[in-house]
Student: 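Here you go, one structure.
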Amino acid sequence: MLQDSTIRKSLDDYIKVRIKEIPMEVSQTFPDIQKVWKCENQLDFLYGYYVGKIEEGALRYLLKATRASAGGYVDTFDIRGVIETHRNDLLETLKQSLEK
């Protein structure tokens with residue numbers, strides 16, 4: 001499914017937009033993550049959380065854009081692969097959000 005360059009570019013653009021929204025979300029949703037979640041490593045928790053959120057949103061986005069059914073064209077492993085290409089951007093955004 002992600003062989004189509006327009007779909008791949010559209011998914012890339014969606015992921016970039018979501019990454020840009022993260023700093024505001026982190027400050028509003030997780031004002032004191034250490035206290036609330038009792039995590040040893042905030043970055044790992046937030047990375048996993050946002051990969052899941054972006055994957056879920058991307059799946060809905062692609063299903064709507066392609067008008068496909070979940071069993072049809074959309075492969076979540078393809079989506080995860082595209083998200084992982086933005087790994088460094090996501091990690092850097094999360095690090096900056098935690099420093100504020």
Side-chain angles (χ1 to χ4, degrees):
M1 183 212 58
L2 294 180
Q3 311 298 347
D4 184 340
S5 63
T6 57
I7 292 173
R8 171 62 191 249
K9 179 165 178 5
S10 183
L11 180 59
D12 250 4
D13 292 342
Y14 172 81
I15 292 168
K16 289 175 186 175
V17 167
R18 285 292 294 129
I19 289 172
K20 287 179 183 177
E21 295 170 348
I22 288 174
M24 183 180 59
E25 287 180 20
V26 168
S27 66
Q28 292 176 353
T29 308
F30 303 104
D32 191 2
I33 190 171
Q34 188 72 27
K35 183 178 178 185
V36 175
W37 295 99
K38 297 183 174 122
C39 295
E40 289 182 33
N41 189 329
Q42 300 166 343
L43 184 60
D44 285 345
F45 170 78
L46 287 174
Y47 180 78
Y49 176 82
Y50 278 103
V51 165
K53 292 292 283 182
I54 292 170
E55 185 176 342
E56 176 186 5
L59 180 59
R60 274 194 243 127
Y61 176 79
L62 286 175
L63 289 174
K64 187 182 280 187
T66 61
R67 303 199 190 292
S69 67
Y73 299 106
V74 178
D75 183 358
T76 56
F77 288 113
D78 287 342
I79 294 171
R80 178 66 61 98
V82 175
I83 293 169
E84 288 298 321
T85 64
H86 296 280
R87 183 177 201 278
N88 293 335
D89 292 337
L90 179 55
L91 282 170
E92 191 58 39
T93 300
L94 289 169
K95 285 177 188 175
Q96 290 172 1
S97 297
L98 289 172
E99 291 171 359
K100 291 181 180 182

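A quick note: this is a predicted structure, and the numbers were derived from the prediction, not measured.
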Student: Under a 3.5 Å cutoff, is there a donor and acceptor pairing between the side chains of Y50 and T93?
Tutor: no

Student: So, R18 and E25, do they make that salt bridge, N to O below 4.0 Å?
Tutor: yes

Student: NZ of K53 to CD1 of I22: how many Å apart, nearest 0.5 Å?
Tutor: 11.0 Å

Student: Taking all non-hydrogen atoms of both residues into account, name the closest pair between P23 and S97 and its distance.
Tutor: CA-OG, 3.2 Å

Student: Would you say L46 ends up clustered with L43 if hydrophobic residues are merged whenever their side chains have heavy atoms under 4.5 Å apart, either directly or through other cluster members?
Tutor: yes

Student: Determine, for Y47 and R87, whether the Lys NZ or Arg CZ falls below 6.0 Å from the six-membered ring centre while staying within 45 degrees of the axis.
Tutor: yes

Student: Would you name the heavy atoms of D89 and I19 that are closest together and state the gap between them?
Tutor: O-CG2, 4.1 Å

Student: Under a 3.5 Å distance rule, please check whether T29 uses its side chain to pair with a backbone N or O of V26 as donor and acceptor.
Tutor: no

Student: Quick one: salt bridge (Lys or Arg N to Asp or Glu O under 4.0 Å) partners of D13, sequence neighbours excluded?
Tutor: K9

Student: Do you know which two heavy atoms are closest between H86 and I15, and how far apart they sit?
Tutor: CD2-CG2, 3.6 Å

Student: To the nearest 0.5 Å, how far apart are CZ in R60 and CD in E56?
Tutor: 4.5 Å

Student: Run D78 and V82 through side chain to side chain contact (heavy atoms under 4.5 Å, CB included) and show every step you take.
Tutor: CA-CA 6 Å; D78 287 342; V82 175; 5.7 Å; no

Student: Roughly how far, to the nearest 0.5 Å, is CD1 of I79 from CG of L11?
Tutor: 6.5 Å

Student: Roughly how far apart are L94 CG and F45 CZ, rounded to 0.5 Å?
Tutor: 11.0 Å

Student: Working to the nearest 0.5 angstrom, can you tell me the gap between L90 CG and I54 CD1?
Tutor: 5.0 Å

